[in-house]
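Report on one structure; see the data block that follows.
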4 protein chains.
Amino acid sequence: MTVEPSTTPQTLSATTPASQAGALLDRFLSIRGRSIAVAEPLDPEDCVVQSMTETSPIKWHLAHTTWFFEAFVLQPHRKNYRPFDADFNYLFNSYYNTIGDRQPRPSRGMLTRPTMKQVLDYRKHVDRAVARLCDREELHKILEIGLQHEQQHQELMLTDVKHLLSLNPIQPPYRTRPTHVSAEPSHPLRASDNGNRGAGGVEELNYITVPHSIFWLGHRGVGFAFDNEGPRHKVYLDAFEIGDRLITNAEYLAFMADGGYERPELWLDEGWQHVQSQGWRAPLYWRESDGSWEVYTLDGTVALAPDEPVCHISFFEADAYARWAGARLPTEAEWEAASVTAPIEGHFAEADHLHPQPVASTTPSYPRQMFGDVWQWTASAYLPYRGFRPPAGALGEYNGKFMCNQFVLRGGSCVTPRSHIRRTYRNFFPPESRWQFSGIRLALDQ
Amino acid sequence: MTVEPSTTPQTLSATTPASQAGALLDRFLSIRGRSIAVAEPLDPEDCVVQSMTETSPIKWHLAHTTWFFEAFVLQPHRKNYRPFDADFNYLFNSYYNTIGDRQPRPSRGMLTRPTMKQVLDYRKHVDRAVARLCDREELHKILEIGLQHEQQHQELMLTDVKHLLSLNPIQPPYRTRPTHVSAEPSHPLRASDNGNRGAGGVEELNYITVPHSIFWLGHRGVGFAFDNEGPRHKVYLDAFEIGDRLITNAEYLAFMADGGYERPELWLDEGWQHVQSQGWRAPLYWRESDGSWEVYTLDGTVALAPDEPVCHISFFEADAYARWAGARLPTEAEWEAASVTAPIEGHFAEADHLHPQPVASTTPSYPRQMFGDVWQWTASAYLPYRGFRPPAGALGEYNGKFMCNQFVLRGGSCVTPRSHIRRTYRNFFPPESRWQFSGIRLALDQ
Amino acid sequence: MTVEPSTTPQTLSATTPASQAGALLDRFLSIRGRSIAVAEPLDPEDCVVQSMTETSPIKWHLAHTTWFFEAFVLQPHRKNYRPFDADFNYLFNSYYNTIGDRQPRPSRGMLTRPTMKQVLDYRKHVDRAVARLCDREELHKILEIGLQHEQQHQELMLTDVKHLLSLNPIQPPYRTRPTHVSAEPSHPLRASDNGNRGAGGVEELNYITVPHSIFWLGHRGVGFAFDNEGPRHKVYLDAFEIGDRLITNAEYLAFMADGGYERPELWLDEGWQHVQSQGWRAPLYWRESDGSWEVYTLDGTVALAPDEPVCHISFFEADAYARWAGARLPTEAEWEAASVTAPIEGHFAEADHLHPQPVASTTPSYPRQMFGDVWQWTASAYLPYRGFRPPAGALGEYNGKFMCNQFVLRGGSCVTPRSHIRRTYRNFFPPESRWQFSGIRLALDQ
Amino acid sequence: MTVEPSTTPQTLSATTPASQAGALLDRFLSIRGRSIAVAEPLDPEDCVVQSMTETSPIKWHLAHTTWFFEAFVLQPHRKNYRPFDADFNYLFNSYYNTIGDRQPRPSRGMLTRPTMKQVLDYRKHVDRAVARLCDREELHKILEIGLQHEQQHQELMLTDVKHLLSLNPIQPPYRTRPTHVSAEPSHPLRASDNGNRGAGGVEELNYITVPHSIFWLGHRGVGFAFDNEGPRHKVYLDAFEIGDRLITNAEYLAFMADGGYERPELWLDEGWQHVQSQGWRAPLYWRESDGSWEVYTLDGTVALAPDEPVCHISFFEADAYARWAGARLPTEAEWEAASVTAPIEGHFAEADHLHPQPVASTTPSYPRQMFGDVWQWTASAYLPYRGFRPPAGALGEYNGKFMCNQFVLRGGSCVTPRSHIRRTYRNFFPPESRWQFSGIRLALDQ
């Protein structure tokens, strides 16, 4: 059986050029504005500190995404463009060797200047200049890359500031909890529960069978996709089964209660080394307090809800859980094949929960929670697809050079913008990373 | 096109049980003796020091391989077996959590006792006890694993002692050069040659086309294979081309002369970080001296031969070279498919060069140098095959738990015993590793 | 000859209790206000980041000095005092084990909350409460300690923010240069000058002889002093000579031009290791630009002035310079003895230069520049004086527990408040520290 | 009161030149032979491994002391001397920058070649050559330095091999216990004893008063002394009291039982950091086993004897113990003044205990155990004496360049040769060092 998933043009679809330009300008203003909105609940102090090498300050994100438009759109394509500030090319280049030297990544937090105010001015300056170019059709592709890039950083702003605030012993919430979000989970868990409640009030995990096929993996078509999502190519897939929902906190607690973090036979060797050297005993942001589990969220610390998808775990933990459960993680090709019939719906950033939600009690024919809520670790190392060629120039450094010692995650999360995700989207992080909204979906051989 | 390579039973093939047992005993004594022979040119001082965390002392190798037979054969299967020394279970367990605590790997070099003499006595004691069990057919499988394990460590003894001796400023040779090996290469290279001699006197690199197929990857059959080589399963292979020989020192020098180590665009990001932090400017063991390149070998320091395969390079260097050359590394499935018609011949440990040799000037229909000389880095991360299940118990820790952040190498090297290698053999090392005899074979999309 | 320096009561001297209390309240308000003034030129972003483990964020300094009054004055001495925020005892305790656990020093920069605004509110709250206690005479001693502590942190705020801003590639000035400070030095130096100008326009270094004595070292009397300045005790001093002024940039450049940073024989072994591992080639904040030396100051980057005292050097550099110059550093007892006749005058923080100034062309009978400008490294390890007993309780942790692996500096600097310094004042830093305003005075055996 | 201790010529005293030369030759052969004797109980494997950066392999000690004679005696003073091996100048130079580059200290353990056998040949070669120069009177001073240097390394060989063997989980003894040494202490201690036995059967600690004086500190006279022991100079000493014996294991156990390792107020800040980061809970080489304390010695692991001097503690532990005991450590001047009347007797290396011994039950007028048994930490940082000038040339690097961040120890130990020690001898180690035979003597202000 060979299945080629239909190509869904997501943006810039068949319309007249004029309306296309208008749509792009709208999208540009809307997405750029969303970044400002993400930073809005924060004080200037929150926006400058770097919590670890892997994260960046909010201010840096806001400036870097702006620099991206300056470096890739304005400088090459707008005549006589004068950079807002000549130093910014050094300060806010992330990792483009082709463009030049830059502030070392571990020292992004030393940049107290420019201030937030200056960065916001920088954004306005660049936004005005870019807006005037939105009608130049030949720039739509690079503009679209800039917007997708901006959306990636919107997600990182939330994951990074969550990490930073969590390091403060007073654990301040990122925002004042919006009223439409319930403050307390229905079934707070005691640490002594040992996961006996099964999946935490959620119905039992079932598996959906996907028959063997030669599957066309990856992106092809007119809609936007990153270079690493293609070229579409054939892979052979044996029949497999895929879990019909995400793993819950209650299920993960059962793993913990069964000695999950104390049994080396459940872990990859390198994962076990992390368990020991980092003292991992629970997912990131979990804390035991008076015998109950609490979890730090962007709305502050709350009781752990048993029915929510487990989140903020590393690949190593996902892999160990799967081994304990007698299952395995799906490969990215299996995940993509299983996603073909699932609608791209779910809890994304727009839902404004900023925290994964319990699964709905429905029984569709396709796996639920494939999109949104938490990124799903796959069993696949992040490697180039057959035939992959990064584009020439600096943009060739966007994705390709990281294809080593990372694992692929699929599906987006509760802090991913809806319009940013695709079936073929390949996210990637080192296997020890925990500060992304990352969770578990299981698979089985058939 | 679907090709299933024939299964070649390599050992213990269809003979009567009695002669089988005799053959096994012969093999046992021969392989165990070979380990002693590897250590023979060394002084006791050379056998105790650990040069880095990744290597082990010769004495530890000799004791650990012996402990392996004690722990997996004698203790479970020989009634009333008394261990040679109760402490050795702690000292010489490598990484089997199932068996118990052990000397931490970075501290293997602190074990000045037991002495070499005591370790040799240990070996004799265990050899005598194991020899008496060689006629018990039900033990043949575990005995065979012990022998394959011993052979792996024979290779590591040579790579590890080479690393250790190379750190000594006086760079002592491992052995007195045997007379049948020529002391000097025919075409010593000057550093200023800049690789202008092409492939170093070797004819130009050609590619052999392999048509697309559904390929049965991995091992199946009666011969021995490690668990990680199976189960045999189908993978889809697009048509590709594979280099008909290994890359030479002369070709690698051309890469260096073209700024190979100074151009970040040729490197994976993590590789480029190694280039900078480790100061990589040439393969391991190369040294410029008065404008000429020398290389440290197990026979001491010699002028670099242009026509020999480049060796002791990391995955990062192999990958950068391939990118520079407009090619790529083959995946392990491609390598295995390309190897189907090649005979398992080449320069192995038995040839006693202990250094890779120039390719022969022949033009067979299959790629040359697929086996022996140098391990060939593939583009494949070391991951479980579809359906992989490690065996129960401690042996389940042999291979499976390392399936993370490593890359697969194929084909064996000049320090691999001939009887140890298979078409399906999967060696694996982290991408920055350079102290194995590792080199480059190129591939192209078709 | 035995000289006992007269005791100069510096504060709280013989007046009526009522005016004493009024004076203390004035001092309290004035000194507390000065801390705010130090932070005034900065943006909130500048106040939260920690540049290295040894420095602290401005915001942390402002909060910690306030916590000091809360912990040592309000909590023990004001009935029913309610802490401003119960969490602050954890967040802003520096190192008082007696008081409890605290935010780890290397993570002070993670505290984005409380914000600057909240910290300023905290200060107001505590100031109001403390002001009401200024008339309680039994609290004057602890209040004075709190003020001296505040002054220490005022100096650290300037040294720490200078370090932080210097790490920014755009090297922003701390403040807009005040008009009364000349913007440019009179004799900018070229790197190729090799120090041939002698002392940079300053007259030659002379030495003043101090005859041998049994010297009473340390503080005694009614004025305030830290515990580590006493008890006054006798030390035997051989006759010695002391340099009559500080070493200038021009003189230090001559040391550099003579291979100062390349000659191991000039250095302590541990100093030489720092030279190599840290790549020291010049004092901290110096930078060569187009063949001229520039220096980063709190007023931004300016040309290096030859006649200014060399500053921001480690003990190791001071010691190496002295060895090169055929001299040595004075011991702290020698320094104190030599200071007896010198008035406590000089360029302190109140002069608002915030940078060391050239020596005046006068020839008094006492050594010039003994106070202010730069802290002077002595040859003395920071150790307890004979008879030293730290006070009971938490304040016993103030000074005594650091008496190990540090060297004593004397005299104050251009960022030390005038009223904070004394002849007997012992500052101390590890020998590799460079971010304080630290320089060189020489001595000779007689 | 001014006391100038008499100068005791220890070696090379007033005899005729001929007998002097004969005596020197005897001493030379005897001391050089002693180094071989120290290595004699060891296997070659024990002689090559470096246990940590601070220690060196036995083989390296044997070669380095030989190189010292080659570099400082033979090369400059014997015509046409041909070095034994030209590479040894690089391999076995310890830290003399003046002489040239050298094997980095942390990598001394990588030198498996030359082998022990070759090093012993090297020693013979150099011994023969040096022996012929013993009658040249102008070389006696440098020869004596070479012998004193050799004796220092004899002590280090024992401390270093003890450290190495202790890291082996099987904790092999250094030697077969000699029959004249009793195998078991009379009063083995249970961990639960909590030190209630007082000083472990030893009579109570008394103090001996030393009146105030201007004391002549340091060495002067015809006997040998290292440069750092002079020049003799005056220091003022207030009256003090000094403990009349060393602190015992039983007393130290009382400190431990009273929470010594858990109370930060007893420790210097940097010491407390070591307690926490290194997990210090007892002196080095102590181990609790079934509720009793055992201690690893050069004769293997034995029960801890309560009446023996506590040993293998850092300055930090000595200082914390003294604070807990309401006392302090003596300064080195106090120690030297207190030693004036004590005979230079005690348990030295020649007694062959290689472990500190209980104090004798005598009551002399001078403090007992001033010499031998354990080095006594003083409260003095290791700094140059007034007027100190290191000699010109490479020997100037012997002592002076380490005068930073170390503390002085006095008195020698049970592994110090008797003829090596002097009243004025200044040993020095960083305050965290524990692998020397170092213990505690207390002092008090009077």
Side-chain angles (χ1 to χ4, degrees), chain A residues 2 95-98 212-217 231 233-240 263-273 315-316 319 323 328-329 331 333-334 379-384 386-390 392-394 396-397 399-407 430-432 445-446, chain B residues 2 95-98 105 212-217 231 233-240 263-272 315-316 319 323 328-329 331 333-334 379-384 386-390 392-394 396-397 399-407 430-432 445-446:
Chain A
T2 300
Y95 53 67
Y96 298 90
N97 291 304
T98 309
H212 79 275
S213 68
I214 289 183
F215 179 67
W216 284 91
L217 177 66
H233 62 289
K234 288 194 265 188
V235 297
Y236 179 82
L237 286 184
D238 273 305
F240 66 98
R263 293 164 54 186
E265 71 271 20
L266 297 174
W267 296 78
L268 286 168
D269 183 64
E270 197 171 322
W272 183 241
Q273 289 174 36
F315 169 83
F316 292 127
D319 172 75
R323 192 168 290 112
R328 61 173 174 84
L329 302 178
T331 65
E334 288 172 342
S380 296
Y382 176 53
L383 293 174
R386 156 75 193 217
F388 172 69
R389 291 279 176 284
E397 300 189 55
N399 283 305
K401 72 180 180 183
F402 302 109
M403 290 175 170
C404 172
N405 291 1
Q406 314 220 34
F407 278 81
E432 68 274 18
D445 294 346
Q446 213 212 6
Chain B
T2 299
Y95 53 67
Y96 297 91
N97 291 304
T98 309
R105 176 162 195 162
H212 80 274
S213 69
I214 289 183
F215 179 67
W216 284 90
L217 177 65
H233 63 291
K234 288 194 265 187
V235 297
Y236 179 81
L237 287 184
D238 272 306
F240 65 98
R263 293 164 54 185
E265 71 270 20
L266 297 174
W267 296 79
L268 287 169
D269 183 64
E270 196 170 323
W272 183 242
F315 170 82
F316 291 128
D319 172 75
R323 192 168 291 112
R328 60 172 175 86
L329 301 178
T331 65
E334 288 173 340
S380 297
Y382 176 53
L383 293 173
R386 156 75 194 220
F388 172 69
R389 291 277 176 287
E397 300 188 55
N399 283 305
K401 72 180 180 183
F402 303 109
M403 290 175 170
C404 172
N405 292 2
Q406 313 221 34
F407 279 81
E432 69 273 20
D445 294 347
Q446 216 216 2

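Below, chain A is the first sequence line, B the second, and so on; all start at residue 1. Computation of the quantities below employed the complete heavy-atom set of this structure, encompassing side-chain atoms and omitting hydrogens, waters and symmetry-equivalent molecules.
Considering CG of B/D269 and CG of A/N405, their distance stands at 11.0 Å, rounded to 0.5 Å.
Listed options B/R263, B/M403, B/R328 were ranked by heavy-atom pairs under 4.5 angstrom with chain A; first place goes to B/M403. The candidate from B/P384, B/C404, B/A381 with the greatest count of non-hydrogen atom pairs under 4.5 Å with chain A is B/C404. Chosen from B/P390, B/S380, B/G396, B/P264, the residue pairing most often with chain A at heavy-atom distances under 4.5 Å is B/P264.
B/L383 and A/A379 make their closest contact through CD1-O, 3.8 Å (heavy atoms, listed as atom of the first residue, atom of the second, distance). The two atoms that bring A/H233 and B/D238 nearest to each other are CB-OD2, 4.5 Å, heavy atoms only. A pairwise comparison of heavy atoms in B/L268 and A/G400 identifies CD2-O, 3.7 Å as the closest pair. The nearest pair of heavy atoms linking B/R386 to A/F240 is NH1-CB, 3.8 Å. Between A/D445 and B/G387, the shortest heavy-atom distance links the atoms OD2-CA, 3.2 Å.
Proximity to chain B is absent for every atom of A/Q273, based on heavy atoms less than 4.5 angstrom apart. For chain A, no part of B/R323 is nearby; none of its heavy atoms comes within less than 4.5 Å. Only the side chain of A/F407 has a heavy atom closer than 4.5 Å to any heavy atom of chain B. Heavy atoms closer than 4.5 Å to chain A are found nowhere in B/Y382, neither backbone nor side chain. With a threshold of 4.5 angstrom between heavy atoms, A/R389 approaches chain B through side-chain atoms but not through N, CA, C or O. Neither the backbone nor the side chain of B/F315 comes within less than 4.5 Å of any heavy atom in chain A.
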